[in-house]
Protein chains: 2
Amino acid sequence: MSDLLERLRGRGWRMTAQRRVVAEVLDGDHVHLTADEVHARAVTRLPEISRATVYNTLGEMVTLGEVIEVATDGRAKRYDPNAHRPHQHLVCGRCGAIRDVQPGGDPLADLPDSERFGFTISEVEVTYRGICPSCATTA
Amino acid sequence: MSDLLERLRGRGWRMTAQRRVVAEVLDGDHVHLTADEVHARAVTRLPEISRATVYNTLGEMVTLGEVIEVATDGRAKRYDPNAHRPHQHLVCGRCGAIRDVQPGGDPLADLPDSERFGFTISEVEVTYRGICPSCATTA
DNA sequence: TCCTACATTGGACTAAGTCCAAGTCAAGCA
DNA sequence: TGCTTGACTTGGACTTAGTCCAATGTAGGA
(Lines give C-alpha, C1' and ligand atoms only; values in the text may rest on other atoms or scores of the structure.)
Protein backbone atom coordinates (compact mmCIF):
# COMPACT_ATOMS: atom_id res chain seq x y z
CA MET A 1 0.00 0.00 0.00
CA SER A 2 1.20 3.40 -0.91
CA ASP A 3 2.59 5.70 1.75
CA LEU A 4 1.62 8.61 -0.41
CA LEU A 5 -1.97 7.43 -0.54
CA GLU A 6 -2.04 7.03 3.24
CA ARG A 7 -0.82 10.57 3.75
CA LEU A 8 -3.33 12.01 1.32
CA ARG A 9 -6.16 10.11 2.98
CA GLY A 10 -4.98 11.48 6.31
CA ARG A 11 -5.38 15.02 5.00
CA GLY A 12 -9.09 14.49 4.37
CA TRP A 13 -8.68 14.15 0.66
CA ARG A 14 -11.83 12.89 -0.99
CA MET A 15 -10.80 9.52 -2.31
CA THR A 16 -11.73 8.62 -5.87
CA ALA A 17 -10.64 5.79 -8.11
CA GLN A 18 -8.72 8.29 -10.26
CA ARG A 19 -6.76 9.79 -7.39
CA ARG A 20 -5.97 6.38 -6.00
CA VAL A 21 -4.57 5.26 -9.34
CA VAL A 22 -2.45 8.40 -9.76
CA ALA A 23 -1.08 8.01 -6.24
CA GLU A 24 -0.28 4.35 -6.87
CA VAL A 25 1.51 5.10 -10.12
CA LEU A 26 3.66 7.65 -8.31
CA ASP A 27 4.73 5.30 -5.54
CA GLY A 28 8.36 4.31 -5.07
CA ASP A 29 11.93 5.59 -5.05
CA HIS A 30 13.66 7.35 -7.91
CA VAL A 31 10.29 7.87 -9.59
CA HIS A 32 10.29 10.90 -11.88
CA LEU A 33 7.48 10.57 -14.38
CA THR A 34 6.06 13.21 -16.69
CA ALA A 35 2.35 13.94 -16.54
CA ASP A 36 1.88 12.02 -19.78
CA GLU A 37 3.76 9.03 -18.43
CA VAL A 38 1.61 9.09 -15.31
CA HIS A 39 -1.46 9.22 -17.52
CA ALA A 40 -0.24 6.34 -19.70
CA ARG A 41 0.31 4.13 -16.65
CA ALA A 42 -2.91 5.21 -15.01
CA VAL A 43 -4.85 4.28 -18.13
CA THR A 44 -3.72 0.67 -17.90
CA ARG A 45 -5.46 0.44 -14.52
CA LEU A 46 -8.40 2.76 -15.12
CA PRO A 47 -8.96 3.11 -18.86
CA GLU A 48 -11.37 6.04 -18.69
CA ILE A 49 -9.16 8.39 -16.67
CA SER A 50 -8.63 11.68 -18.47
CA ARG A 51 -5.51 13.77 -18.95
CA ALA A 52 -7.17 16.72 -17.24
CA THR A 53 -7.71 14.69 -14.09
CA VAL A 54 -4.11 13.56 -14.05
CA TYR A 55 -2.97 17.19 -14.33
CA ASN A 56 -5.42 18.29 -11.64
CA THR A 57 -4.41 15.52 -9.28
CA LEU A 58 -0.70 16.05 -9.75
CA GLY A 59 -1.19 19.77 -9.20
CA GLU A 60 -3.02 19.15 -5.94
CA MET A 61 -0.40 16.76 -4.71
CA VAL A 62 2.22 19.41 -5.39
CA THR A 63 0.17 22.04 -3.56
CA LEU A 64 -0.20 19.73 -0.59
CA GLY A 65 3.56 19.25 -0.59
CA GLU A 66 3.29 15.50 -1.11
CA VAL A 67 4.91 15.52 -4.53
CA ILE A 68 7.67 17.72 -5.95
CA GLU A 69 7.72 19.17 -9.43
CA VAL A 70 11.07 18.78 -11.15
CA ALA A 71 12.05 20.64 -14.33
CA THR A 72 15.37 19.09 -15.26
CA ASP A 73 15.31 19.40 -19.00
CA GLY A 74 13.15 22.27 -20.13
CA ARG A 75 10.71 19.77 -21.58
CA ALA A 76 7.85 18.24 -19.63
CA LYS A 77 7.83 18.65 -15.86
CA ARG A 78 8.43 15.52 -13.85
CA TYR A 79 6.75 14.51 -10.61
CA ASP A 80 8.75 13.16 -7.70
CA PRO A 81 6.89 11.52 -4.80
CA ASN A 82 9.98 11.62 -2.58
CA ALA A 83 8.85 14.88 -0.96
CA HIS A 84 9.59 14.15 2.67
CA ARG A 85 13.31 13.53 2.46
CA PRO A 86 15.26 16.56 1.28
CA HIS A 87 17.25 15.57 -1.76
CA GLN A 88 18.69 16.76 -5.04
CA HIS A 89 18.86 15.25 -8.52
CA LEU A 90 21.46 13.58 -10.64
CA VAL A 91 20.58 13.53 -14.35
CA CYS A 92 22.10 11.64 -17.25
CA GLY A 93 22.53 14.00 -20.18
CA ARG A 94 22.30 11.18 -22.68
CA CYS A 95 19.39 8.97 -21.64
CA GLY A 96 17.69 11.33 -19.21
CA ALA A 97 17.82 8.92 -16.26
CA ILE A 98 17.27 10.68 -12.93
CA ARG A 99 18.41 9.59 -9.46
CA ASP A 100 17.61 11.19 -6.14
CA VAL A 101 20.80 12.05 -4.27
CA GLN A 102 21.62 13.51 -0.88
CA PRO A 103 24.67 15.76 -0.90
CA GLY A 104 26.37 16.58 2.37
CA GLY A 105 26.77 20.20 3.39
CA ASP A 106 24.32 23.06 3.14
CA PRO A 107 24.38 24.75 -0.26
CA LEU A 108 22.59 27.76 1.19
CA ALA A 109 25.51 28.43 3.53
CA ASP A 110 27.74 28.80 0.46
CA LEU A 111 25.92 31.91 -0.72
CA PRO A 112 27.37 34.97 1.02
CA ASP A 113 25.10 37.84 2.01
CA SER A 114 26.74 40.03 -0.60
CA GLU A 115 25.39 37.67 -3.25
CA ARG A 116 21.84 37.55 -1.95
CA PHE A 117 20.69 40.90 -3.33
CA GLY A 118 18.30 41.32 -0.43
CA PHE A 119 16.35 38.17 -1.30
CA THR A 120 14.84 36.00 1.43
CA ILE A 121 15.88 32.57 0.29
CA SER A 122 13.69 29.63 1.18
CA GLU A 123 14.85 26.82 -1.02
CA VAL A 124 17.88 25.56 -2.91
CA GLU A 125 17.69 23.20 -5.83
CA VAL A 126 20.78 21.41 -7.10
CA THR A 127 21.00 19.44 -10.32
CA TYR A 128 24.08 17.36 -11.02
CA ARG A 129 24.50 16.54 -14.71
CA GLY A 130 26.66 13.89 -16.26
CA ILE A 131 26.63 10.48 -17.91
CA CYS A 132 25.22 7.40 -16.24
CA PRO A 133 27.21 4.15 -16.12
CA SER A 134 25.16 2.33 -18.73
CA CYS A 135 25.38 5.21 -21.23
CA ALA A 136 29.11 5.47 -20.54
CA THR A 137 29.71 1.86 -21.59
CA THR A 138 27.58 2.02 -24.73
CA ALA A 139 29.61 5.01 -25.93
CA MET B 1 29.52 47.18 -28.73
CA SER B 2 28.59 43.74 -27.60
CA ASP B 3 31.23 41.41 -26.24
CA LEU B 4 29.07 38.53 -27.30
CA LEU B 5 29.00 39.80 -30.87
CA GLU B 6 32.79 40.15 -30.86
CA ARG B 7 33.24 36.60 -29.71
CA LEU B 8 30.86 35.23 -32.30
CA ARG B 9 32.54 37.16 -35.07
CA GLY B 10 35.85 35.75 -33.87
CA ARG B 11 34.52 32.24 -34.38
CA GLY B 12 33.93 32.85 -38.05
CA TRP B 13 30.22 33.17 -37.68
CA ARG B 14 28.61 34.51 -40.83
CA MET B 15 27.29 37.89 -39.74
CA THR B 16 23.76 38.83 -40.70
CA ALA B 17 21.52 41.66 -39.57
CA GLN B 18 19.34 39.15 -37.71
CA ARG B 19 22.19 37.59 -35.77
CA ARG B 20 23.59 40.97 -34.90
CA VAL B 21 20.25 42.08 -33.49
CA VAL B 22 19.78 38.90 -31.44
CA ALA B 23 23.30 39.25 -30.03
CA GLU B 24 22.68 42.89 -29.16
CA VAL B 25 19.41 42.13 -27.42
CA LEU B 26 21.19 39.52 -25.32
CA ASP B 27 23.96 41.81 -24.16
CA GLY B 28 24.39 42.76 -20.51
CA ASP B 29 24.38 41.41 -16.98
CA HIS B 30 21.49 39.63 -15.30
CA VAL B 31 19.84 39.19 -18.70
CA HIS B 32 17.53 36.17 -18.77
CA LEU B 33 15.07 36.58 -21.60
CA THR B 34 12.76 33.97 -23.08
CA ALA B 35 12.93 33.32 -26.81
CA ASP B 36 9.71 35.28 -27.27
CA GLU B 37 11.06 38.22 -25.31
CA VAL B 38 14.18 38.19 -27.44
CA HIS B 39 12.01 38.13 -30.52
CA ALA B 40 9.84 40.99 -29.27
CA ARG B 41 12.89 43.17 -28.65
CA ALA B 42 14.56 42.15 -31.88
CA VAL B 43 11.46 43.13 -33.84
CA THR B 44 11.69 46.71 -32.63
CA ARG B 45 15.09 46.95 -34.33
CA LEU B 46 14.50 44.72 -37.32
CA PRO B 47 10.76 44.39 -37.92
CA GLU B 48 10.93 41.51 -40.38
CA ILE B 49 12.93 39.10 -38.19
CA SER B 50 11.10 35.81 -37.75
CA ARG B 51 10.57 33.67 -34.68
CA ALA B 52 12.27 30.74 -36.40
CA THR B 53 15.44 32.76 -36.87
CA VAL B 54 15.46 33.80 -33.24
CA TYR B 55 15.14 30.16 -32.18
CA ASN B 56 17.85 29.09 -34.64
CA THR B 57 20.22 31.82 -33.55
CA LEU B 58 19.72 31.22 -29.85
CA GLY B 59 20.24 27.51 -30.40
CA GLU B 60 23.52 28.14 -32.20
CA MET B 61 24.75 30.48 -29.51
CA VAL B 62 24.02 27.78 -26.95
CA THR B 63 25.86 25.17 -29.04
CA LEU B 64 28.85 27.49 -29.33
CA GLY B 65 28.82 27.88 -25.57
CA GLU B 66 28.33 31.64 -25.77
CA VAL B 67 24.90 31.60 -24.18
CA ILE B 68 23.44 29.37 -21.47
CA GLU B 69 19.96 27.94 -21.47
CA VAL B 70 18.24 28.28 -18.11
CA ALA B 71 15.03 26.43 -17.20
CA THR B 72 14.10 27.91 -13.84
CA ASP B 73 10.35 27.64 -13.94
CA GLY B 74 9.23 24.80 -16.15
CA ARG B 75 7.80 27.36 -18.55
CA ALA B 76 9.76 28.92 -21.39
CA LYS B 77 13.52 28.48 -21.41
CA ARG B 78 15.57 31.60 -20.73
CA TYR B 79 18.81 32.61 -22.38
CA ASP B 80 21.72 33.91 -20.32
CA PRO B 81 24.65 35.57 -22.12
CA ASN B 82 26.83 35.39 -19.01
CA ALA B 83 28.44 32.15 -20.18
CA HIS B 84 32.06 32.82 -19.40
CA ARG B 85 31.84 33.38 -15.66
CA PRO B 86 30.60 30.31 -13.80
CA HIS B 87 27.55 31.30 -11.80
CA GLN B 88 24.26 30.11 -10.40
CA HIS B 89 20.79 31.64 -10.24
CA LEU B 90 18.65 33.31 -7.62
CA VAL B 91 14.96 33.40 -8.54
CA CYS B 92 12.05 35.31 -7.01
CA GLY B 93 9.10 32.97 -6.66
CA ARG B 94 6.64 35.82 -6.86
CA CYS B 95 7.73 38.07 -9.73
CA GLY B 96 10.14 35.70 -11.45
CA ALA B 97 13.13 38.08 -11.25
CA ILE B 98 16.43 36.29 -11.79
CA ARG B 99 19.90 37.33 -10.62
CA ASP B 100 23.21 35.72 -11.40
CA VAL B 101 25.04 34.78 -8.21
CA GLN B 102 28.43 33.26 -7.40
CA PRO B 103 28.34 30.98 -4.38
CA GLY B 104 31.57 30.08 -2.66
CA GLY B 105 32.51 26.43 -2.27
CA ASP B 106 32.28 23.59 -4.74
CA PRO B 107 28.87 21.93 -4.72
CA LEU B 108 30.31 18.96 -6.56
CA ALA B 109 32.61 18.21 -3.65
CA ASP B 110 29.53 17.85 -1.44
CA LEU B 111 28.32 14.79 -3.30
CA PRO B 112 29.99 11.68 -1.87
CA ASP B 113 30.95 8.83 -4.16
CA SER B 114 28.30 6.66 -2.57
CA GLU B 115 25.69 9.09 -3.91
CA ARG B 116 27.04 9.24 -7.45
CA PHE B 117 25.61 5.92 -8.65
CA GLY B 118 28.55 5.49 -11.00
CA PHE B 119 27.74 8.66 -12.95
CA THR B 120 30.51 10.80 -14.40
CA ILE B 121 29.41 14.26 -13.35
CA SER B 122 30.38 17.20 -15.51
CA GLU B 123 28.21 20.04 -14.34
CA VAL B 124 26.31 21.28 -11.31
CA GLU B 125 23.42 23.69 -11.50
CA VAL B 126 22.14 25.46 -8.39
CA THR B 127 18.94 27.46 -8.17
CA TYR B 128 18.22 29.51 -5.06
CA ARG B 129 14.54 30.34 -4.66
CA GLY B 130 12.99 32.99 -2.48
CA ILE B 131 11.39 36.41 -2.48
CA CYS B 132 13.09 39.49 -3.84
CA PRO B 133 13.22 42.71 -1.79
CA SER B 134 10.66 44.59 -3.85
CA CYS B 135 8.13 41.72 -3.69
CA ALA B 136 8.80 41.41 0.05
CA THR B 137 7.77 45.02 0.71
CA THR B 138 4.65 44.92 -1.46
CA ALA B 139 3.41 41.91 0.48
C1' DT C 1 30.43 41.09 -60.09
C1' DC C 2 28.98 36.48 -59.65
C1' DC C 3 28.29 32.15 -57.23
C1' DT C 4 26.90 29.30 -53.87
C1' DA C 5 26.65 27.56 -49.47
C1' DC C 6 24.67 29.16 -45.66
C1' DA C 7 20.89 31.87 -43.49
C1' DT C 8 16.08 33.47 -43.21
C1' DT C 9 11.18 33.21 -43.73
C1' DG C 10 6.36 32.09 -42.65
C1' DG C 11 3.30 28.88 -42.01
C1' DA C 12 2.07 24.32 -40.67
C1' DC C 13 2.88 21.17 -37.16
C1' DT C 14 3.83 19.02 -32.41
C1' DA C 15 4.15 18.82 -27.41
C1' DA C 16 2.84 20.26 -22.96
C1' DG C 17 -0.41 22.19 -20.39
C1' DT C 18 -4.81 24.96 -19.16
C1' DC C 19 -9.69 25.88 -19.09
C1' DC C 20 -14.54 25.12 -18.90
C1' DA C 21 -19.42 23.66 -18.95
C1' DA C 22 -21.75 19.54 -18.26
C1' DG C 23 -22.09 15.27 -16.07
C1' DT C 24 -20.80 12.09 -12.11
C1' DC C 25 -20.10 10.47 -7.55
C1' DA C 26 -18.10 10.18 -2.44
C1' DA C 27 -19.40 10.82 1.88
C1' DG C 28 -22.09 12.89 5.50
C1' DC C 29 -26.82 12.90 7.16
C1' DA C 30 -31.53 11.40 7.99
C1' DT D 1 -30.19 2.46 3.28
C1' DG D 2 -31.21 6.33 0.28
C1' DC D 3 -30.81 11.42 -0.43
C1' DT D 4 -28.28 15.55 -1.25
C1' DT D 5 -24.72 18.33 -2.39
C1' DG D 6 -20.46 20.11 -3.21
C1' DA D 7 -16.41 18.36 -4.86
C1' DC D 8 -14.49 15.68 -8.68
C1' DT D 9 -14.07 14.14 -13.54
C1' DT D 10 -14.57 14.46 -18.41
C1' DG D 11 -13.40 15.56 -23.23
C1' DG D 12 -12.65 18.84 -26.23
C1' DA D 13 -11.24 23.39 -27.38
C1' DC D 14 -7.70 26.45 -26.51
C1' DT D 15 -2.91 28.43 -25.40
C1' DT D 16 1.96 28.48 -25.17
C1' DA D 17 6.50 27.02 -26.42
C1' DG D 18 9.01 25.17 -29.74
C1' DT D 19 10.25 22.46 -34.23
C1' DC D 20 10.33 21.62 -39.15
C1' DC D 21 10.58 22.51 -43.96
C1' DA D 22 10.49 24.10 -48.78
C1' DA D 23 11.14 28.34 -50.97
C1' DT D 24 13.69 32.54 -51.04
C1' DG D 25 17.45 35.72 -49.90
C1' DT D 26 22.26 37.10 -49.09
C1' DA D 27 27.34 37.29 -47.03
C1' DG D 28 31.58 36.81 -48.36
C1' DG D 29 35.10 34.55 -51.16
C1' DA D 30 36.98 33.98 -56.10
Roughly, in whole Å, what's the span from [atom1] in [X] to [atom2] in [N]?
{"X": "A/Tyr55", "N": "D/dG11", "atom1": "OH", "atom2": "C1'", "result": "15 Å"}
{"X": "A/Leu46", "N": "D/dT9", "atom1": "CG", "atom2": "C1'", "result": "11 Å"}
{"X": "B/Lys77", "N": "D/dG18", "atom1": "NZ", "atom2": "P", "result": "6 Å"}
{"X": "B/Arg14", "N": "D/dA27", "atom1": "CZ", "atom2": "C1'", "result": "5 Å"}
{"X": "B/Gln18", "N": "D/dA27", "atom1": "CD", "atom2": "C1'", "result": "11 Å"}
{"X": "A/Glu48", "N": "D/dT10", "atom1": "CD", "atom2": "P", "result": "7 Å"}
{"X": "B/Trp13", "N": "D/dG28", "atom1": "CH2", "atom2": "C1'", "result": "16 Å"}
{"X": "B/Ile49", "N": "D/dG25", "atom1": "CD1", "atom2": "C1'", "result": "15 Å"}

Going by the side-chain hydrogen bond (donor to acceptor under 3.5 Å, both in side chains) test, name the single residue among A/Glu37, A/Glu69, A/His89 that passes it with A/Arg78. A/Glu37
Contact boundaries on DNA chain C for chain B, cut-off under 4.0 Å to non-hydrogen atoms: C/dA5 to C/dG10
Under 3.5 Å side-chain donor-acceptor pair for B/Arg99 and B/His30: yes
Please check this pair: side chain of A/Gln102 against backbone of A/Pro86, looking for a donor-acceptor N/O pair closer than 3.5 Å. yes
B/Met15 vs B/Asn56, nearer the 5' end of DNA chain D by closest nucleotide: B/Asn56
Residue whose nearest DNA chain D nucleotide is more 5′ - A/Gly74 or A/Thr57: A/Thr57
In A/Arg19, A/Arg7, A/Arg9, the residue satisfying salt bridge (Lys or Arg N to Asp or Glu O under 4.0 Å) with A/Glu66 is A/Arg7
So, does A/Thr16 get its side chain near the phosphate of D/dT9, meaning an N or O under 4.0 Å from OP1 or OP2? yes
Specify the residue among B/Arg19 and B/Arg51 whose closest nucleotide of DNA chain C lies further upstream toward the 5′ end. B/Arg19
Heavy atoms only, 4.0 Å cut-off, all strands: where does B/Ala52 land among base, sugar-phosphate and nothing? base
Taking it one step at a time, do B/Glu24 and B/Arg41 satisfy salt bridge (Lys or Arg N to Asp or Glu O under 4.0 Å)? CA-CA 10 Å; B/Glu24 282 167 7; B/Arg41 297 188 188 200; over 6 Å; no
Grab the two heavy atoms, one from B/Gln18 and one from B/Thr53, that are nearest each other, plus how far apart they are. CB-CG2, 3.8 Å
A/Arg51/A/Asp36 ion pair, N-O < 4.0 Å: yes
